[in-house]
Protein chains: 2
Amino acid sequence: MSPVVQDAREHLSRAGIYPTSQRRALAGILFDRHQHLTADQVFEKARSKGIRVSRATVYNTLNLFVEKGLLREIFVNATHTFYDSNIHPHFHFYNVDEGCLTDMDGRIADDLILHKLPHGTVVEGVDVVVRVRNHS
Amino acid sequence: MSPVVQDAREHLSRAGIYPTSQRRALAGILFDRHQHLTADQVFEKARSKGIRVSRATVYNTLNLFVEKGLLREIFVNATHTFYDSNIHPHFHFYNVDEGCLTDMDGRIADDLILHKLPHGTVVEGVDVVVRVRNHS
DNA sequence: GGTATATATTAGAATTAATCCAAATCTAAA
DNA sequence: TTTAGATTTGGATTAATTCTAATATATACC
């Protein structure tokens, strides 16, 4: 499977993001393929690839990417936020045993969910939150 | 509107929860009416009503109530968990400006949501997470 | 080039929700 | 009572995230 984004520099510039070396390096990790990563996982991946970057910059960059629409935040519990490189609307399965998030393809429906469960899992709960903000 | 639960002691016992005084007092707050409260809000309400209870007990009790099916947890961001006294399946609007959660009645649907928005608000995002756990 | 100006990065401290812990307290039954 | 088990407690701890203030980097103007 080819990377979601071929040219990180180009991708960032088009989103109005100044393509610094750290941002390009993190983009390289995030947009390599569709995946779900926590800030800490991004930080560790960067470190293991020899990229010199601080935790603060990882958080700054992830927030910037979210703000600019390159990433989507998904809240699964009180202490974990995943950053999803797939920004198209879709739903997720969060496995509380594994601590991992997987995509559910198709549209949500009460009975549909039960037929699309990852093999060997059972539903623990469904959270639907529509986040709104006050108009202008 | 009458309280969701008339007799807290009875409600707890029926759920297999030992109805200690702290638990009855917290139940009195939580099941007074349908509402969305954070652990801290429950703690503050209890304090302002003169109930002698520790933070640890508030957390213990909320977790116990969730475990026993009296409350439902809803994750809206990385540092806030609301405890909902309405355990029937339903969806929510989370206002990021106000930091409050309100009910959306009816079933979720892409176009439906837009017609049920709280007055003066716009959609910021929709999070749907189906939490699963490994079978047995 | 050289200097000013704005932006980005950094390490470490601070914050905050939530949990953990070991000691103290309560309760029910014998 | 005595005892055993469950509950509550305050304070310490954890972990994700943000803040801060100093440093570094890049762009613009002369």
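The chains referred to below are lettered A, B, ... by the order of the sequence lines, with proteins before strands, and numbering in each begins at 1.
In this structure, the CZ atom of A:Phe65 is 12 Å from the P atom of C:dA8, given to the nearest Å. When rounded to the nearest whole Å, the span between CG of A:Asn63 and C1' of D:dT18 equals 9 Å. As rounded to whole Å, 16 Å separates atom C1' of D:dT9 from atom CD1 of B:Ile51. The CD1-P distance, from B:Ile17 to D:dT8, rounds to 11 Å in whole Å. Across the protein-nucleic acid pair, B:Arg55 atom CZ and D:dT13 atom P stand 18 Å apart, rounded to whole Å. Distance CD (B:Gln22) to C1' (D:dT9): 9 Å, rounded to an integer number of Å. Note: NZ (B:Lys68) to P (D:dT7) measures 10 Å, nearest angstrom. Separating the CD atom of B:Glu67 from the P atom of D:dA6 is a distance of 14 Å, rounded to the nearest angstrom.
Side-chain atoms of A:Leu64 and A:Arg23, non-hydrogen and from C-beta on, do get closer than 4.5 Å to each other. Between B:Phe43 and B:Leu62, the closest side-chain pair of non-hydrogen atoms is not below 4.5 Å. Proximity of A:His11 to A:Leu70: side-chain heavy atoms (C-beta onward) are separated by under 4.5 Å at one or more points. Residues B:Glu67 and B:Asn63 fail the side-chain proximity criterion, which asks for heavy atoms closer than 4.5 Å.
Here the nucleotide nearest the side chain of B:Ala56, chosen from C:dT19, C:dC20, C:dT9, is C:dC20. Checked against C:dT10, D:dT8, D:dG10, the side chain of A:Asn60 finds its nearest nucleotide in C:dT10.
Of the possible donor and acceptor atoms, one in the side chain of A:Thr61 sits under 3.5 Å from a partner among the backbone N and O of A:Thr57. Of the possible polar contacts, none joining the B:Arg24 side chain to the B:Ala8 backbone as a donor-acceptor pair under 3.5 Å is found.
Taking side-chain N and O atoms only, A:Arg23 has a distance below 4.0 Å to OP1 or OP2 of C:dA8. Look at B:Ser54 and you'll find a side-chain N or O under 4.0 angstrom from OP1 or OP2 of D:dT9. At the phosphate of C:dT19, neither OP1 nor OP2 sits under 4.0 Å from any side-chain N or O atom of B:Tyr59. The phosphate of C:dT9 (OP1 or OP2) has a side-chain N or O of A:Thr20 nearer than 4.0 angstrom.
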| note | Contact string for nucleotides 25-30 of chain C, one letter per nucleotide 5' to 3', B = base within protein heavy-atom range under 4.0 Å, S = sugar-phosphate only, - = neither, reads --SS--
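Sequence neighbours left out, the pairs with a member in residues 41-59 of chain A that pass salt bridge (Lys or Arg N to Asp or Glu O under 4.0 Å) are A:Asp40-A:Arg55.
Using a 4.0 Å heavy-atom distance criterion, A:Asp40 is classed as making no nucleic acid contact. Across all strands, A:Thr57 comes closer than 4.0 Å to base atoms (heavy-atom distances).
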